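Presented below is the structure to which this report refers.
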Amino acid sequence: MASPLDTVKPQVRALRAYSLVAERTRVKLNQNENPWDVPVEIKQETVRRINERAWSRYPDFTPLQFHETLAEFSGWKPEGVLAGNGSNELIQAVLMVTVGPGKRVLISEPTFALYRQITTVLGGEVLSVPLTPELTYDAEALLSAIKTTQPDVTIVCSPNNPTGCVMEASDLAKLLEASSGLVVVDEAYFEFSGQTAVPLLSRHPNLIVLRTFSKAMALAALRVGYLLGDPDLVREVGKALLPYNLNALSQTAAEVALEMFASNLAPLVQKICSERDRLYAELQNMPGLIPVRSRANFMVVRSQLEPRRVFDELLRRDILIRDVSKYPMLQECFRVSVGTPEENDLLIASLREILGAS
Ligand SMILES: *Cc1c(COP(=O)(O)O)cnc(C)c1O
């Protein structure tokens, strides 16, 4: 008998849904969020502004003022900016306007799972180049894959989730020059690495840069992301977005966060980076663990003890991490986000206990 599910594309049926454990713990180190809430000054100013506007009225069709603020913050032109309901929406929009049957998307793996997921749903083909054994970008291999296959889209996550490696600007420039297709750089964590592809935008109309307010900006609950690219290309990507994709509250909060970034958020980013370096040093001294250097606010750790066991033991102690052992190349690994100093102390003490007892 025919099932309604038969109408779903076979490649979609074959996918496993992208999802996350529902657990909520006292210490939450599984999603690379900012461990501190957004500063109260930002919340209050957002609420003040939102109370002054009529909630009965739609937002502006194109949020020009917001695009200008984003452009100024990023060092790019306002006509080359597009805001979205999270950067994931913009990844999807880029792939919607470029990918279909017969189209190819090149990625390095392990990386953020959504690139493969959306490409597959859209009927495109994923080409994958592994990271080096040290879990860094293999720029040579990517370059030769681009030259031989000329993918329609190449996606580089820098810093890469989950490994934390970055692609150097000189390597990126080589990929851009060799590509007839688009090169998308996902900079969800660029505030922690201090490295960006934005200076390459003016010379490379095939470059798209994606960013988010969900990590350094501490606004994950409000879902805001943005895209930077050549204005002609940005106009095309915009065709895949629904009208009013960004709601007025989230847009206002993002504007305020940008205005107050230097005074209220940058110090938190600094603290997270120094905590990352402290956590790395502590884990490096722990027998049975080998942390991998990261330029983001998280790191992957190789573990002698099965990652699933580490996950379960930490969960019993009310600490949530990410088991990434199902990712290619990461069979022995878990990923931890950098927390507050107190949270990191708890993590360190718990890991010492768990590994000491095994
Ligand atoms: C967290 C993350 C994002 C952010 O997605 P939003 O939809 O903006 O919350 C984007 N890309 C990567 C690689 C991430 O890890």
Side-chain angles (χ1 to χ4, degrees), residues 27-39 41-42 73-75 87 111-112 131 134-137 156-169 172 185-199 209-220 224-226 254 257-286 289-302 319-322 324 333-351:
V27 179
K28 187 173 182 301
L29 304 175
N30 68 329
Q31 278 190 288
N32 306 339
E33 296 147 311
N34 195 314
W36 286 285
D37 194 6
V38 73
E41 293 84 353
I42 294 178
F73 179 79
S74 313
S87 65
T111 192
F112 192 42
L131 296 177
E134 293 74 39
L135 300 177
T136 57
Y137 274 112
V156 177
C157 186
S158 181
N160 185 44
N161 179 4
T163 59
C165 59
V166 297
M167 176 165 293
E168 297 305 327
L172 192 55
V185 182
D186 186 342
E187 293 193 345
Y189 303 97
F190 93 98
E191 294 95 337
F192 303 104
S193 70
Q195 193 169 312
T196 176
V198 165
V209 177
L210 292 171
R211 290 181 176 172
T212 182
F213 281 78
S214 299
K215 309 289 160 54
M217 300 289 191
L219 287 177
V224 186
Y226 59 108
L258 286 181
E259 290 168 23
M260 299 191 179
F261 179 78
S263 55
N264 296 59
L265 287 164
L268 298 181
V269 170
Q270 274 311 310
K271 257 194 248 183
I272 291 168
C273 290
S274 59
E275 277 298 300
R276 170 192 64 204
D277 298 341
R278 181 176 76 93
L279 183 60
Y280 176 86
E282 291 277 2
L283 297 181
Q284 213 181 18
N285 282 332
M286 228 179 272
L289 294 183
I290 305 174
V292 176
R293 272 243 184 257
S294 164
R295 297 276 298 275
N297 63 332
F298 55 82
M299 72 189 72
V300 146
V301 185
R302 280 190 202 289
I319 301 173
L320 191 58
I321 62 161
R322 184 75 72 99
V324 291
C333 299
F334 60 85
R335 189 195 72 193
V336 290
S337 312
V338 177
T340 62
E342 300 73 32
E343 289 174 332
N344 298 329
D345 285 342
L346 271 172
L347 173 72
I348 291 160
S350 302
L351 282 172

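Just so you know, these numbers come straight off a predicted model, no measurement behind them. Note that these values count all heavy atoms, side chains included, but never hydrogens, waters or copies made by symmetry.
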Nearest 0.5 Å, what's the [atom1]-[atom2] distance between [X] and [Y]?
X    : Y    : atom1 : atom2 : result
L210 : F190 : CG    : CZ    : 12.5 Å
L289 : C333 : CG    : SG    : 10.5 Å
E33  : K28  : CD    : NZ    : 3.5 Å
T212 : E191 : OG1   : CD    : 8.5 Å
S350 : I319 : OG    : CD1   : 3.5 Å
R293 : L135 : CZ    : CG    : 14.5 Å

Review point. Backbone N or O of V209 within a donor-acceptor pair of the Y226 side chain at under 3.5 Å?
Key: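 Absent.
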Review point. Where the side chain of R322 meets the backbone of N30, is there a donor-acceptor pair that is under 3.5 Å apart?
Key: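 Side chain of R322 to backbone of N30, a donor-acceptor pair under 3.5 Å: yes, one is there.
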Check: [Y] and [X] side chains under 4.5 Å, non-hydrogen atoms:
X    : Y    : value
L351 : V336 : no
L265 : M217 : yes
P162 : F334 : no
V224 : L219 : no
L347 : L279 : yes
L283 : M299 : yes
K271 : T340 : no
P35  : E343 : yes

Review point. For residues E187 and T196, is any side-chain donor paired with an opposing acceptor at under 3.5 Å?
Key: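 Note: E187 and T196 side chains meet the donor-acceptor criterion.
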Please name all residues satisfying side-chain hydrogen bond (donor to acceptor under 3.5 Å, both in side chains) with [X], sequence neighbours left out, ordered by chain then number.
X    : value
T136 : T132
D37  : K43
S337 : N32

Exercise for review: Please test E134 against T163 for side-chain contact (heavy atoms from CB on, under 4.5 Å), starting from the C-alpha separation and ending with a verdict.
Suggested key: CA-CA 10 Å; E134 293 74 39; T163 59; over 6 Å; no
**Study point:** L29 vs F298, side-chain contact (heavy atoms from CB on, under 4.5 Å): CA-CA, chis, key distance, verdict
**Key:** CA-CA 9 Å; L29 304 175; F298 55 82; over 6 Å; no
How close do [X] and [Y] get, heavy atom to heavy atom, and via which atoms?
X    : Y    : result
V166 : S193 : CG1-CB, 4.2 Å
M286 : I348 : CE-O, 3.7 Å
W36  : P341 : CZ2-CD, 3.7 Å
A169 : Q195 : N-NE2, 4.1 Å
P159 : A296 : CB-CB, 3.9 Å
S294 : G164 : OG-CA, 3.5 Å

**Study point:** R295 to Y189, cation-pi by 6.0 Å centre distance and 45° axis angle
**Key:**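 Because its charged atom misses either the 6.0 Å distance or the 45° angle limit, R295 does not stack over Y189.
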Check your understanding: Can you check side-chain contact (heavy atoms from CB on, under 4.5 Å) on S263 and E41, steps first, answer last?
Key -> CA-CA 10 Å; S263 55; E41 293 84 353; over 6 Å; no
